[in-house]
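Structure first, commentary second.
Each chain gets a letter, A, B and so on, in the order its sequence line appears, and its residues count up from 1.
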Amino acid sequence: MIGIKRPETEYELLDRAWSIAGLTLEELALQLKRKVPENLLRNKGWVGEMLELVLGATAGSKPEPDFQHIGIELKTIPVKKNGEPKESTHVCIVPMTETQGLNWEDALVRQKLARVLWIPVEVGGDLAERRIGAPLLWSPSHEEETLLRADWEEFMELITLGDLDQITAHLGEALQIRPKAANSHALAGGIGKLGESIRTLPRGFYLRTSFTGALLARHYHCY
DNA sequence: GTGTGATCATCT
DNA sequence: AGATGATCACAC
């Protein structure tokens with residue numbers, strides 16, 4: 001069964017996600033008539049792309065939630081045997097031009113995180129044998145949103161003031177900014193210290209592992 | 001280059 | 001070992 005048709009409701013999407021829970025990646029790939037790669041070294045996004053396919057996400061690289069018609073973003077999250085995430089979670093590119101007057105309410109990062117379908121996938125060992133976990137449909141709690149917003153506002157102020165050199169992955173409690181580019185020589189538009197246009201390294205917003213780990217634990221621990 | 005899907009690999 | 005900075009593939 002290949003789920004190519006997009007789910008029309010939240011329930012339909014969640015139902016489909018539950019239907020693949022427990023499958024190995026090999027079993028999922030078989031359903032999709034794909035080959036499991038040897039490893040993820042040159043296929044870092046492979047697991048995420050398989051899940052997009054089977055859940056009926058519109059393949060594409062548009063800067064919007066995967067299932068915009070029902071307001072849901074799909075995120076696969078690599079989890080260790082103890083259930084904790086192994087990696088941070090990329091959310092979206094960081095806007096670095098025309099940022100003045102940008103509100104949290106309108107921020108793409110808020111739109112994407114407003115409702116997320118988390119699909120945990122085992123990490124480590126043979127790629128083909130890793131299992132897909134139980135889906136979790138999540139929206140930030142009031143506390144979580146407050147945290148995210150505070151980080152975002154701090155970052156956007158630095159960007160708007162041209163203080164890009166002050167931004168490192170050490171900043172931010174829930175959200176962080178790290179490079180997001182083909183390589184360290186890539187250039188994107190930005191704002192200089194004098195308000196002028198500059199070229200700088202493209203960056204992305206990421207959720208810290210501590211943040212996603214806490215939200216997974218909060219929802220899965222009650223089983 | 002931009003933005004999607006992310007994980008890799010090096011440094012501390 | 002964990003986190004930070006760097007990198008890989010693909011569509012357009």
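- Comparing atom distances between the Y206(A) side chain and each of dA6(B), dT4(C), dT4(B) picks out dA6(B) as nearest.
- Mapping R199(A) and T76(A) onto DNA chain B by nearest heavy atom places R199(A) closer to the 5' end of the strand.
- A straight line from NZ of K44(A) to C1' of dT4(B) spans 15 Å, rounded to a whole angstrom.
- Residue E64(A) contributes atom CD, which lies 10 Å from atom P of dG5(B) at whole-angstrom precision.
- In this structure, G45(A) reaches the bases: a heavy-atom distance under 4.0 Å links it to at least one base atom across the strands shown.
- Distances were taken from every side-chain heavy atom of R178(A) (C-beta onward) to each of dT4(B), dT4(C), dA6(B); the shortest belongs to dT4(C).
- Regarding contacts with the backbone of dT4(C), a side-chain N or O of R208(A) is found under 4.0 angstrom from either OP1 or OP2.
- Between the C1' atom of dG1(B) and the CG atom of L201(A) lies a distance of 13 Å, rounded to the nearest Å.
- Mapping N183(A) and H170(A) onto DNA chain C by nearest heavy atom places H170(A) at the nucleotide closer to the 5' end.
- Mapping V123(A) and V94(A) onto DNA chain B by nearest heavy atom places V94(A) closer to the 5' end of the strand.
- Residue L41(A) is classed as a sugar-phosphate contact, given heavy-atom separations below 4.0 Å to backbone atoms only.
- Salt bridge E84(A)/K86(A): absent, no basic N to carboxylate O contact under 4.0 Å.
- Regarding I119(A), its CD1 atom lies at a distance of 15 Å from the C1' atom of dA6(B), rounded to whole Å.
- Remark: P of dA11(C) and CG of N43(A) are 13 Å apart, rounded to the nearest angstrom.
- One finds a side-chain N or O of S184(A) lying less than 4.0 angstrom from the OP1 or OP2 phosphate oxygen of dT7(C).
- One N or O on the side chain of R130(A) and one on the backbone of G125(A) form a donor-acceptor pair closer than 3.5 Å.
- When rounded to the nearest whole Å, the span between NZ of K62(A) and C1' of dC12(C) equals 11 Å.
- Within 3.5 Å, no donor on the side chain of E49(A) pairs with an acceptor on the base of dC10(C), nor the reverse.
- Across all strands shown, E84(A) has no heavy atoms under 4.0 Å from either base or sugar-phosphate atoms.
- Taking 3.5 Å as the limit, the base of dT7(C) and the side chain of K180(A) contain no donor-acceptor pair of atoms between them.
- Side-chain atoms of I93(A) lie closest to dG3(B) of the nucleotides dG5(B), dG3(B), dA9(C).
- Residue-level contact check: T89(A) touches neither bases nor backbone, having no heavy atom under 4.0 Å from any strand.
- Counting heavy atoms of neighbouring residues, nucleotides and ligands inside a 6.0 Å radius, atom CD of E173(A) does not exceed 12 of them.
- Ring orientation note: the planes of W138(A) and F211(A) are nearly perpendicular, at an angle over 60° on the 30°/60° scale.
- Checking dA6(C), dG5(C), dT2(B) against every side-chain atom of A188(A), the shortest atom distance belongs to dT2(B).
- Between Q176(A) and dA3(C) there is no side-chain N or O to OP1 or OP2 distance below 4.0 Å.
- Contact annotation for A181(A): base contact, defined as any heavy-atom pair under 4.0 Å involving a base atom.
- A salt bridge links R218(A) to E144(A): at least one charged side-chain nitrogen sits closer than 4.0 Å to a carboxylate oxygen.
- Of the listed nucleotides (dT4(C), dT7(C), dT4(B)), dT4(B) has the atom at the smallest distance from the side chain of P63(A).
- Across all strands, T168(A) comes closer than 4.0 Å only to sugar-phosphate atoms, never to a base (heavy-atom distances).
- The side chain of K75(A) lies closest to dG5(B), out of dG5(B), dT4(C), dC8(B).
- Close to dG2(C), at under 4.0 Å from its OP1 or OP2, lies no side-chain N or O of K86(A).
- P179(A) comes within contact range of at least one nucleobase, with a heavy-atom separation under 4.0 Å.
- Electrostatic pairing of R149(A) and E145(A) does not count as a salt bridge here, judged by no charged N lying under 4.0 Å from a carboxylate O.
- For the 3.5 Å distance criterion, the side chains of S139(A) and R115(A) qualify, holding a donor opposite an acceptor.
- Atom CG in N39(A) sits about 17 Å away from atom P in dA6(B), given to the nearest Å.
- The phosphate of dG5(B) (OP1 or OP2) has a side-chain N or O of K112(A) nearer than 4.0 angstrom.
- One can place NE2 of H90(A) at 17 Å from P of dT7(C), the figure rounded to the nearest angstrom.
- Proximity of S88(A) to the phosphate of dT4(C): no side-chain N or O atom is located under 4.0 Å from OP1 or OP2.
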